[in-house]
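Working notes for the structure below.
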Protein chains: 2
Amino acid sequence: MFKAFKKHKDLILYSSSLALLLLLLRWLEFRFLVLSTSLDIYIGIIAAVFMGLGIWLALKLFKPKPKTIVVEKEVYVTPTPEFVLNQKELDNLNLTIRELEVLELMAKGMSNKEIADQLFVSLNTIKTHSGKLFEKMEVKRRTQAVEKAKRLSIIP
Amino acid sequence: MFKAFKKHKDLILYSSSLALLLLLLRWLEFRFLVLSTSLDIYIGIIAAVFMGLGIWLALKLFKPKPKTIVVEKEVYVTPTPEFVLNQKELDNLNLTIRELEVLELMAKGMSNKEIADQLFVSLNTIKTHSGKLFEKMEVKRRTQAVEKAKRLSIIP
DNA sequence: AACAGCCTCATCCTTTCGGGTGATTTTGCT
DNA sequence: AGCAAAATCACCCGAAAGGATGAGGCTGTT
């Protein structure tokens, strides 16, 4: 009994609604046909009411359909292509420790003076190092040295 | 077509039921109240049609209103070894085309003179461009400019 | 001890770079 | 047509970078 009711409760609910609506219509029919015989208005009301019923029905039936939309959100991956030192190329250049240090600081955009201060040596020393560095790397300017070093994966 | 039927089978089912019920009621009404006129049938048709219209309207109009549940799905972006320009940072710097060109050539380790020859302009012009470039990038030397540009993914 | 390699520093000189200023032309937009 | 931004070029000056050369000190190997 209850099971059957539960199974068809929607149907019963809507049927009841319709019955109620029909009663309303009958009442309206009586009111308008007896008091004022405006058929157009009557039909208009019928149309409006049933259209409303249709809308209500449709909304009721297609209501809680939680459509899930998967939004792909790109995760910002830090551009860290994991620097791997190219030992081979580094060996080929045959740089000294000091020269490599100077190269690394150059790559940070530091001036010779700043590098000198950082390494606690004189400006002239850095000039000597950088000069030899350019010789070994076969470049003419610090910018070229840095570019080549990055290209050869000697520095990150 | 069949898919649409399957999808809205509930609605169709209930609508048919209602229509059937309506017919039954009308028949009952006719039988017991003996009040059947052509007007009633006409009104019934009106009601049915407009209810159908209402349903159709509702489905049509409120279809693109699916209460969507947004599920954010994190997607792994393979660390592309290829250069992806950071347009945001580039826009922030508000560089001109010429300044960007100079910056790119600087990054290749070229001297101002070489850049001037490459772009078919005078050395002084390149100096002006580079000066403004350093201003906008808030750096003091070309090496710093290149380093920062690479760090911000403005140049490869 | 001798030698080689590296690090350090210096001096002299030239080139390059960068800052500052001003001017003219070109171009894009309204 | 007129305005604003961009591009072009010039001149001056000081700072930084780079080339050439020489020299002294330290360290590990032979």
Problem - Short side-chain to backbone donor-acceptor contact, A:Arg142 and A:Gly109, under 3.5 Å - result: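 No, because the side chain of A:Arg142 does not come within donor-acceptor range (under 3.5 Å) of the backbone of A:Gly109.
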
Problem - Residue list, side chain to side chain contact (heavy atoms under 4.5 Å, CB included) with B:Leu100, at least two apart or on another chain - result: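 Checked B:Leu100 against side chain to side chain contact (heavy atoms under 4.5 Å, CB included); matches are B:Leu90, B:Leu95, B:Leu103, B:Glu104, B:Ile154.
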
Practice task
With sequence neighbours excluded, tell me which residues meet side chain to side chain contact (heavy atoms under 4.5 Å, CB included) with A:Lys140.
Solution key: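 For A:Lys140 the side chain to side chain contact (heavy atoms under 4.5 Å, CB included) partners, ignoring immediate neighbours, are A:Gln144.
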
Practice task
Would you give the length of the straight line joining atom CD1 of A:Ile97 to atom NE2 of A:His129, rounded to the nearest 0.5 angstrom?
Solution key: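 Between atom CD1 of A:Ile97 and atom NE2 of A:His129 there are 11.0 Å.
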
Exercise for the section: Specify the closest pair of heavy atoms between A:Phe134 and A:Ala145, including all atoms of both residues, with the distance to one decimal. Expected result: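 Heavy-atom minimum between the residues: CE2-CB, 3.8 Å.
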
Problem - Minimal non-hydrogen separation, A:Met106 against B:Thr143, with atom names - result: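 Closest pair (atom of A:Met106, atom of B:Thr143, distance): O-CB, 4.4 Å.
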
Atom [atom1] of [X] and atom [atom2] of [N]: how far apart are they, to the nearest Å?
X        : N      : atom1 : atom2 : answer
B:Lys132 : C:dG18 : NZ    : C1'   : 15 Å
A:Arg141 : C:dT15 : CZ    : P     : 14 Å
A:Ile115 : C:dT8  : CD1   : C1'   : 16 Å
A:Leu103 : D:dG18 : CG    : P     : 12 Å
A:Phe134 : D:dG19 : CZ    : P     : 7 Å
A:Met110 : D:dA16 : CE    : C1'   : 15 Å
A:Met106 : D:dA17 : CE    : C1'   : 9 Å

Exercise for the section: Report yes or no: do A:Leu119 and A:Leu123 belong to one cluster of Ile/Leu/Val/Met/Phe/Trp/Tyr joined by side chain heavy-atom distances under 4.5 Å? Expected result: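 No.
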
Side chain to side chain donor-acceptor pair (under 3.5 Å) with [X]: which residues, sequence neighbours excluded?
X        : value
A:Lys136 : A:Glu99
B:Lys113 : B:Asp117
A:Thr125 : A:Ser122

Within the 4.0 Å limit for protein heavy atoms, which parts of [range] are touched? Write it as a string from 5' to 3', B for base, S for sugar-phosphate only, - for none.
range                        : value
nucleotides 23-30 of chain C : --------
nucleotides 25-30 of chain D : ------
nucleotides 4-12 of chain D  : --SSBBBB-

Handout entry: Inter-end axis angle, the helix from C:dA1-D:dT30 to C:dT30-D:dA1, with every axis fitted to five base pairs (rounded, 10 degrees)
Key =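 The end axes of the helix from C:dA1-D:dT30 to C:dT30-D:dA1 are about 50° apart, to the nearest 10°.
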
Handout entry: Candidate pair B:Val102 and B:Ile126, rule side-chain contact (heavy atoms from CB on, under 4.5 Å), full reasoning
Key = CA-CA 7 Å; B:Val102 171; B:Ile126 299 303; 4.1 Å; yes

Tell me the salt bridge (charged side-chain N to carboxylate O under 4.0 Å, His left out) pairs involving [range], sequence neighbours left out?
range                       : answer
residues 143-156 of chain A : A:Glu147-A:Arg151
residues 83-98 of chain A   : A:Arg98-A:Glu101
residues 123-135 of chain A : none

Problem - side-chain N/O A:Arg142 vs D:dG18 OP1/OP2, d < 4.0 Å - result: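 So the side-chain polar atoms of A:Arg142 do come within 4.0 Å of the phosphate oxygens OP1 or OP2 of D:dG18, strictly under.
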
Problem - Any A:Asn112 side-chain nitrogen or oxygen under 4.0 Å from OP1 or OP2 of D:dA16 - result: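 A:Asn112 to D:dA16 OP1/OP2: no side-chain N or O under 4.0 Å.
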
